Amino acid sequence: MSAPVIGSTAQVVLDSYPYWILPGSYQHFTPRLRKATPRMDGNEAYVDFGLGRKVWKFTILALNDLSNYDGTPTGFTGQEYHDTLYGSYARVNTVLVFVDADSSTHNVRFDHLAAHVPDVQTQLTGVCYHMDVELVEA
């Protein structure tokens, strides 16, 4: 497998594997770290600790017959996309390399993975998953 290229053979790269994202599912944010506690007078004590670690959430298309931007097949099946994501997710206490859609590189931890089938009838022609991914800056 040659190195994936953002904008040509992948939209994002995780753990050296290229992936395509479900349109409209990409989110990137930095949550604030804060603590609010009730006080005896009924008001709230609020302490802002600043910015937390960056978080990325998106849905990977784990489908058969995906194509690169130039129309050539990706060479992966839906099951292979599914299995490589689970392989990365299963790595305990491991920092992974994530290349974002803007080609920036980040060290991340794979915090959440969920697979769902968008339409059960599509399973008749091959494995088809949408894989919800959440990454947190390491």
Side-chain angles (χ1 to χ4, degrees):
M1 175 177 78
S2 61
V5 177
I6 299 297
S8 178
T9 59
Q11 289 177 315
V12 296
V13 177
L14 178 62
D15 204 11
S16 300
Y17 288 94
Y19 295 104
W20 298 95
I21 298 174
L22 178 70
S25 70
Y26 178 92
Q27 298 177 48
H28 173 223
F29 56 94
T30 306
R32 294 198 77 80
L33 298 176
R34 60 200 178 280
K35 182 178 180 181
T37 50
R39 296 190 317 210
M40 291 297 291
D41 64 5
N43 290 320
E44 193 172 69
Y46 185 87
V47 179
D48 186 344
F49 297 103
L51 298 177
R53 297 177 185 267
K54 294 177 184 175
V55 177
W56 292 265
K57 289 184 179 184
F58 45 82
T59 301
I60 296 291
L61 295 170
L63 310 175
N64 292 326
D65 303 324
L66 284 175
S67 297
N68 295 316
Y69 282 122
D70 66 2
T72 60
T74 63
F76 292 99
T77 66
Q79 190 64 51
E80 287 171 326
Y81 283 117
H82 174 275
D83 293 348
T84 57
L85 280 170
Y86 265 103
S88 295
Y89 184 63
R91 296 173 62 192
V92 178
N93 292 324
T94 303
V95 174
L96 304 175
V97 176
F98 170 63
V99 183
D100 202 355
D102 65 358
S103 297
S104 60
T105 301
H106 306 273
N107 292 323
V108 298
R109 296 196 184 275
F110 205 145
D111 202 47
H112 177 77
L113 179 65
H116 55 98
V117 178
D119 180 1
V120 181
Q121 290 181 338
T122 62
Q123 296 299 80
L124 300 175
T125 59
V127 177
C128 173
Y129 296 104
H130 286 179
M131 307 289 293
D132 295 331
V133 170
E134 184 172 333
L135 306 173
V136 177
E137 184 178 38

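Hydrogens, waters and symmetry mates play no part in the numbers below; they use all other heavy atoms, side chains included. What you are looking at is a predicted structure, and each value in this text was computed from that prediction instead of being measured. One-based numbering along the sequence shown.
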*Asks:* Locate the shortest heavy-atom distance separating Gly52 from Thr30; write the atom from each residue and the value.
*Replies:*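 The pair with the smallest heavy-atom distance is O-CG2, 3.2 Å.
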*Asks:* Could you grab the distance from atom NZ of Lys35 to atom CG of Asp48, nearest 0.5 Å is fine?
*Replies:*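 Taking NZ in Lys35 and CG in Asp48, the distance rounds to 14.0 Å.
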*Asks:* If you measure from the Lys or Arg side-chain nitrogens to the Asp or Glu carboxylate oxygens, is any gap between Arg91 and Asp15 under 4.0 Å?
*Replies:*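 Answer for the salt bridge query: yes.
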*Asks:* To the nearest 0.5 Å, how far apart are CD in Gln79 and CG in Asn64?
*Replies:*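 Answer for the CD-CG pair, Gln79 versus Asn64, is 9.0 Å.
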*Asks:* Can you tell me how far apart CZ (Arg109) and CG (Asn93) are? Round to the nearest 0.5 Å.
*Replies:* 6.5 Å
*Asks:* Report the C-alpha distance between Tyr26 and Asp100 in whole Å, list the side-chain angles of each, state the deciding distance to 0.1 Å, and finish with yes or no for side-chain hydrogen bond (donor to acceptor under 3.5 Å, both in side chains).
*Replies:* CA-CA 11 Å; Tyr26 178 92; Asp100 202 355; 2.8 Å; yes
*Asks:* For a 4.5 angstrom cut-off between non-hydrogen side-chain atoms, does Arg39 reach Glu44?
*Replies:* no
*Asks:* Checking side-chain hydrogen bond (donor to acceptor under 3.5 Å, both in side chains) between Thr84 and each of Tyr89, Tyr17, Tyr19, which is the one that passes?
*Replies:* Tyr19
*Asks:* Please round to the nearest 0.5 Å and tell me the distance separating atom CG of Leu135 and atom CZ of Arg53.
*Replies:* 13.5 Å
*Asks:* Is the shortest heavy-atom distance from the side chain of Phe110 to the side chain of Glu134 under 4.5 Å?
*Replies:*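 They are not in side-chain contact.
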*Asks:* Would you say that Ile21 contacts Leu61 through its side chain, given a criterion of any heavy-atom pair below 4.5 Å between the two side chains?
*Replies:*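 They are not in side-chain contact.
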*Asks:* Which residues satisfy the side-chain hydrogen bond (donor to acceptor under 3.5 Å, both in side chains) test with Thr72, sequence neighbours excluded?
*Replies:*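 If we apply the side-chain hydrogen bond (donor to acceptor under 3.5 Å, both in side chains) test to Thr72, skipping adjacent residues, the hits are Asn68, Asp70.
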*Asks:* Hey, could you give me the OG/NE2 distance between Ser25 and His130, rounded to the nearest 0.5 Å?
*Replies:* 9.0 Å
*Asks:* Can you name the nearest heavy-atom pair linking Ser16 to Pro4, along with the distance?
*Replies:* O-CG, 3.8 Å
*Asks:* Transitively linked via ILVMFWY side-chain contacts under 4.5 Å: Leu33 with Val55?
*Replies:* no
*Asks:* Is there side-chain contact between Val99 and Ile6, with at least one heavy-atom pair below 4.5 Å?
*Replies:* yes
*Asks:* From the options Asp65, Leu66, Ile60, select the one residue that forms a side-chain contact (heavy atoms from CB on, under 4.5 Å) with Leu63.
*Replies:*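 Going through Asp65, Leu66, Ile60 one by one, the side-chain contact (heavy atoms from CB on, under 4.5 Å) with Leu63 is satisfied by Leu66 alone.
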*Asks:* Verify the ring-centre separation between Tyr69 and Trp20: is it less than 6.0 angstrom?
*Replies:* yes
*Asks:* Do Val133 and Asp111 touch side chain to side chain, with heavy atoms closer than 4.5 Å?
*Replies:*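 The answer is no; the side chains never approach within 4.5 Å.
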*Asks:* Might you work through the side chain to side chain contact (heavy atoms under 4.5 Å, CB included) test for Ser88 and Leu96, ending with a clear yes or no?
*Replies:* CA-CA 8 Å; Ser88 295; Leu96 304 175; 4.0 Å; yes
*Asks:* Measuring from Leu113:CG to Leu85:CG, what's the distance to the nearest 0.5 Å?
*Replies:* 6.0 Å
*Asks:* Which pairs count as ring-ring contact (aromatic ring centres under 6.0 Å, His included) when at least one residue sits in residues 32-66, sequence neighbours excluded?
*Replies:*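 Non-adjacent pairs meeting ring-ring contact (aromatic ring centres under 6.0 Å, His included): His28-Trp56, Trp56-Phe98, Trp56-His106, Phe58-Phe98.
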*Asks:* Contact between Tyr129 and Tyr81 at the side-chain level, heavy atoms closer than 4.5 Å - yes or no?
*Replies:*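 A side-chain contact is absent here, since even the closest heavy-atom pair is not under 4.5 Å.
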*Asks:* Looking at every non-hydrogen atom in both residues, tell me the closest pair between Val13 and Pro18 and how far apart they are.
*Replies:* CG2-CA, 4.4 Å
*Asks:* For the residue pair Val97 and Asn107, establish whether any side-chain heavy-atom pair is separated by less than 4.5 Å.
*Replies:*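 They are in contact (side-chain heavy atoms under 4.5 Å apart), so the answer is yes.
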